[in-house]
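In the text below, chain A, chain B and the rest are named by the order of the sequence lines, each starting its count at 1.
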Protein chains: 2
Amino acid sequence: MCANDLRIVKTKQALHNALLTLLSEKPLENITIAEICRVAKVNRGTFYLHYEQKEGLFEEYFQEIMEDLYNSYEEPYRAVTTLDKNQLDPNTIRIFHHIERFKMFYRIVFSKNVPLTYYYMLFDGIHALMKRDLTTHYNMHDEISIEYYSAYQANAIIGLIIQWYRQDFEDSVSTLNKQLAAILRIGEK
Amino acid sequence: MCANDLRIVKTKQALHNALLTLLSEKPLENITIAEICRVAKVNRGTFYLHYEQKEGLFEEYFQEIMEDLYNSYEEPYRAVTTLDKNQLDPNTIRIFHHIERFKMFYRIVFSKNVPLTYYYMLFDGIHALMKRDLTTHYNMHDEISIEYYSAYQANAIIGLIIQWYRQDFEDSVSTLNKQLAAILRIGEK
DNA sequence: GATTTTAATGAACACATGTTCAATATCTTA
DNA sequence: TAAGATATTGAACATGTGTTCATTAAAATC
């Protein structure tokens, strides 16, 4: 099972394309493995050689999107020049840009019939960034577990995103930024 | 489709019992509708008369557990007498007791192959209680949307619960209470 | 208790799932 | 380029899904 065997690359590509095609027609829950294989012209047995469920295929896409989340944290703060930098840690603020950019995907991630896996992928991503920030920028009270605190903060952000998603991302990114900034300011005074 | 027709009551009861029996043997994801019906001695067609998926059946259970969450908020603060009441709003603190009490169920709710539905049921429950509290006890800054703020706070709590779940609920309820109290205290100074 | 209403059943259907296995096609590497 | 390695295929199989429909059984109502 060598990952860069041309046959494997070709097969996976075909399956990826097939999934994308089908996703433009109907939601993930209504897409069957058999259907993906028919479109991809790949034997159904071959699918099971690489994935267990159609969710695993979607997961590979989501992996790439998570890469974008990580990368957007590494690059300089280009995206936030319009924002008052004193209001909030610009790192935090980048999340909403990222969500907005891939909202087509996040509509799937947050739909209620989809497995929790994707939620956890997002949670783990934000959680890791949060933890990194908390350990370097702030000095912690030792009564608070860094794990619990960062889980709290990370999921709080996702709470905003859920609310945002439920209005089909109608509010602007800057509205979300302002809301978060205002919420964080409550604690400070 | 009269809900208190004895035949319907009997059928649903049989399906509920069958699901409980099977859940003690294996995870929800490995249980099939056909299996539930075999154990319940109910025709498979009858299942589809009442539910769409096995998840709908589980949802009925979870509904009852959500009732417990609501009820525990209405009754007087019996459960928190040992806690220093000055530290934190006792309302908030009840959540962890509730989770602990039904941790068998929450192990399912938070498992990664289960649909997001149950997560949202929990989220909506806490969110509603949070919103009620925020509107009555605090006077809000009008720059902050109460919807966003309560979604933020509600999901933050669930963040702690996720972290707790991932250690298989090894920490005690009082540890969780203390962590939350400490986190909330950060904002206040 | 007889009549009416309706839930439950069993059978059948097309299709999806998940797995196996020998045969084949395609890639790697020597 | 030939030889060996291995991914893919097609066929088959048992089982699950979701739906339909006439028949039967068990409730509700009178």
Side-chain angles (χ1 to χ4, degrees), chain A residues 1-61 108 111-118, chain B residues 1-61 108 111-118:
Chain A
M1 273 276 259
C2 183
N4 36 356
D5 186 315
L6 283 188
R7 289 168 294 184
I8 294 179
V9 173
K10 202 196 80 185
T11 296
K12 287 199 169 191
Q13 218 157 58
L15 290 172
H16 281 154
N17 289 335
L19 180 61
L20 259 197
T21 304
L22 289 168
L23 274 177
S24 67
E25 295 169 14
K26 46 179 156 178
L28 183 63
E29 49 181 314
N30 296 342
I31 298 172
T32 67
I33 293 176
E35 206 173 6
I36 296 170
C37 294
R38 269 196 305 272
V39 173
K41 293 195 213 311
V42 163
N43 191 280
R44 204 159 51 79
T46 308
F47 179 94
Y48 288 105
L49 236 51
H50 299 293
Y51 308 97
E52 293 194 339
Q53 320 160 295
K54 60 183 170 185
E55 276 77 18
L57 185 56
F58 181 80
E59 212 170 298
E60 277 189 356
Y61 274 117
I108 297 172
S111 62
K112 70 180 178 35
N113 284 313
V114 120
L116 262 179
T117 323
Y118 313 137
Chain B
M1 274 275 259
C2 181
N4 37 356
D5 186 315
L6 282 188
R7 290 169 294 185
I8 294 179
V9 173
K10 202 196 77 184
T11 296
K12 288 199 167 190
Q13 218 156 56
L15 290 172
H16 281 154
N17 288 336
L19 179 61
L20 260 197
T21 304
L22 290 168
L23 274 177
S24 67
E25 295 169 13
K26 45 177 156 180
L28 184 62
E29 48 180 318
N30 296 342
I31 298 172
T32 68
I33 293 176
E35 207 172 4
I36 297 170
C37 293
R38 269 197 304 274
V39 172
K41 292 193 213 311
V42 162
N43 192 281
R44 203 162 49 83
T46 308
F47 178 96
Y48 288 105
L49 235 53
H50 300 292
Y51 308 97
E52 292 193 342
Q53 321 160 294
K54 62 184 171 186
E55 275 77 19
L57 186 55
F58 182 80
E59 211 169 300
E60 276 189 357
Y61 274 115
I108 297 172
S111 63
K112 69 181 180 32
N113 284 312
V114 120
L116 260 180
T117 324
Y118 312 136

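Atom OG1 of B:Thr117 sits about 7.0 Å away from atom CD of B:Gln53, to the nearest 0.5 Å. With rounding to the nearest 0.5 angstrom, the NZ atom of B:Lys54 is 7.5 Å from the OG1 atom of B:Thr32. Distance check, rounded to the nearest 0.5 Å: CD1 of B:Ile31 to CD of B:Glu25 gives 8.0 Å.
Heavy atoms of A:Thr32 sit under 4.0 angstrom from primed sugar atoms or phosphate atoms, though from no base atom. Among the heavy atoms of the strands lying under 4.0 Å from B:Asn43 is at least one base atom, whether or not backbone atoms are also near. Nucleic acid contact class of A:Lys41 (heavy atoms, under 4.0 Å, all strands): sugar-phosphate only.
In this structure a side-chain-to-backbone donor-acceptor pair under 3.5 Å is present from A:Tyr61 to A:His16.
For B:Arg7, the listed nucleotide lying nearest its side chain is C:dT6; candidates were D:dT8, D:dG16, C:dT6. For B:Leu49, the listed nucleotide lying nearest its side chain is C:dA8; candidates were C:dA8, C:dC27, C:dA16. Side-chain proximity of B:Val42 to the nucleotides D:dT9, C:dT28, C:dT9 is greatest for C:dT9. The side chain of A:Ala34 has C:dT17 as its nearest neighbour among D:dT9, C:dT9, C:dT17. If you check C:dA8, C:dG18, D:dT8 against the side chain of A:His50, the one that comes closest is D:dT8.
When the P atom of C:dT17 is taken as reference, atom CG of A:Asn30 falls 12 Å away, rounded to whole Å. Here C:dA7 presents its P atom at 18 Å from CD of B:Gln13, a figure rounded to the nearest Å. One atom, CG of A:Leu6, and another, P of C:dA25, lie 19 Å apart when rounded to the nearest Å. What separates CD of B:Glu52 from C1' of D:dT19 is a distance of 13 Å, to the nearest Å. Per the geometry, NZ belonging to B:Lys12 stands 10 Å off P belonging to C:dA8, to the nearest Å. One can place CD1 of A:Ile36 at 12 Å from C1' of C:dA16, the figure rounded to the nearest angstrom. The distance between atom CZ of A:Arg38 and atom P of D:dG10, rounded to the nearest whole Å, is 14 Å. Between the CD1 atom of B:Ile31 and the C1' atom of D:dT15 there is a distance of 17 Å, rounded to whole Å.
A residue-by-residue look at A:Asp5 and B:Asn4 shows that A:Asp5 has its nearest nucleotide of DNA chain D further toward the 5' end. Map B:Lys10 and B:Gly45 each onto its nearest nucleotide of DNA chain D; the residue landing nearer the 5' end is B:Gly45.
In terms of polar N and O atoms assigned as donor or acceptor, the side chain of B:Arg44 never comes within less than 3.5 Å of the base of D:dG16 in a complementary pairing.
Look at B:Tyr48 and you'll find a side-chain N or O under 4.0 angstrom from OP1 or OP2 of D:dG18.
At most 12 heavy atoms of other shown residues, nucleotides or ligands fall within 6.0 angstrom of atom NZ in A:Lys41.
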